[in-house]
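First up is the structure itself, then whatever we jot down about it.
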Amino acid sequence: MQVNYLNCPNSSLDLSTPQVMGILNLTPDSFSDGGKYMQLEHALAQVERMIADGASIIDIGGESTRPGAAEVSEADELARVIPVLIAIKQRFNILVSIDTSKAAVMNAAITAGADMINDVAALQNEGCLAAVAQSNIPLCLMHMQGLPRTMQNNPSYQHVINDIVTFFQQRIEACLSAGIARERIILDPGFGFGKTLAQNYHLLANLSAFSQLKLPLLIGVSRKSMIGNLLNRDVKQRLAGSLSAAIIAAQQGANIIRVHDVAATVDALTVLQAVTDNQ
Ligand code: 8Y4
């Protein structure tokens, strides 16, 4: 028995089976012309659907981290994320994770009742360690080589798995030094963040290597280029590939799967669970 639950301040999340984190995208390209009220109602309807489909956590982000995406100002990100976070916590009983790399957004989100911080920059930006240290919520440290705008230009490693393990050890140490308890940390190898197609599949093949760190593992492969480029499918046609990758990850101990397609992923994980339960 390894990692069994995630200690959230108000509700602990059972990780004895893999849990699904549903993605709620708040970048303006997703729903821009309906005005503030319509955007909020659209977001809440999406959340309601993901909860009904079996999501345990909703991950909300106001900054696009896709390769080459434009940066978002602090004020814009706060305006996008915080009202939605408050509305979700008001209306639903669900854990909410905030996908941000900015200390000001982390601080505001923690004050507004966020249940988790998901940082693709692993708390390396100014003030982020301190912001999270002042709370008691879990945080996800994701590995990325380079920065979103340029990370896919010639990623290179001595040894992908070992390099990421070393990065995790350094970031865990930085968290501990800042006063963040080990029990609060979740690790994520960051599929697609400064990795070639072959490196992404090598990672997927060797995910169980990260269990040596004895912390919960989160993975995000849903609809990513590693699926699209392998299968030559555009973003709307990547469900079968995404489910396959999710199951391969779950079989190697991934605890939280970050996805767009919650219902289909829950079905796939339920099939895997039936196999596990009847060995
Ligand atoms: C289509 C849709 C194609 C989305 C690509 C994408 C991760 C993450 C992202 C991840 C954690 C994305 C915020 C990239 N990926 N956080 N965030 N782990 N922890 N691209 O893998 O979904 S954004």
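Note: hydrogens, waters and symmetry copies are ignored here, and every other heavy atom, side chains too, is used. For ligands, and for the atoms within them, numbers begin at 1 and follow the listed sequence. Count residues from 1 along the sequence.
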_Which segment of Val120 sits under 4.0 Å of ligand 1 when only heavy atoms are counted_ = side chain
*asked:* Counting only nitrogen or oxygen atoms and a 3.5 angstrom limit, does Arg223 reach ligand 1?
replied: no
*Can you sort out which atoms of ligand 1 are near Cys140, meaning under 4.0 Å from one of its heavy atoms?*
19 (N)
*Less than 4.5 Å apart, any side-chain heavy atom of His143 and any of Lys195?*
yes
*Does ligand 1 have an atom that lies less than 4.0 angstrom from a heavy atom of Gly61?*
no
_I want to know if ligand 1 touches Asp188 in the polar sense, i.e. an N/O pair below 3.5 angstrom._
yes
*Of all the atoms in ligand 1, which lie at a distance below 4.0 Å from a heavy atom belonging to Val235?*
1 (C)
*Please could you name the atoms of ligand 1 that His260 approaches to less than 4.0 Å, counting only its heavy atoms?*
2 (C), 4 (C)
*Examine Asp59 against ligand 1 and note whether any of their N/O atoms are separated by less than 3.5 Å.*
no
*Within a reach of under 6.0 Å around CG of Leu176, are more than 12 heavy atoms found that belong to other residues, nucleotides or ligands?*
yes
*Provide the number and element of each atom of ligand 1 under 4.0 Å from a heavy atom of Asp99.*
13 (C)
*Could you tell me which atoms of ligand 1, counted from 1 in the order shown, lie closer than 4.0 angstrom to a heavy atom of Gly220?*
21 (O)
_Using modelled atom types and a 3.5 Å cut-off, is there a donor and acceptor pairing between side-chain atoms of Asp99 and backbone atoms of Asp59?_
no
*asked:* Do Gln152 and Thr150 pair up side chain to side chain, a donor and an acceptor below 3.5 Å, judged on atom types alone?
replied: no
*Taking the minimum heavy-atom distance to atom 20 (N) of ligand 1, which of Lys224, Met116, Met142, Met144 ranks first?*
Lys224
*Consider every N or O of Ser225 and every N or O of ligand 1, then say whether any pair is closer than 3.5 Å.*
no
*Decide whether Leu141 and Phe167 are clustered together by the hydrophobic rule: side chain heavy atoms of Ile, Leu, Val, Met, Phe, Trp, Tyr closer than 4.5 Å, transitively.*
yes
*Give a yes or no on whether the backbone of Gln158 and the side-chain of Asp163 come within a donor-acceptor separation of less than 3.5 Å.*
yes
_Crowding at CG, Asp277 (>12 non-hydrogen neighbours, <6.0 Å)_ = yes
*Specify side chain, backbone, both or neither for Leu218, according to which of its non-hydrogen atoms lie closer than 4.0 Å to ligand 1.*
side chain
_Over 12 foreign heavy atoms within 6.0 Å of CD, Gln169_ = yes
*Same hydrophobic cluster for Leu243 and Phe191, using side-chain heavy-atom links shorter than 4.5 Å among ILVMFWY?*
no
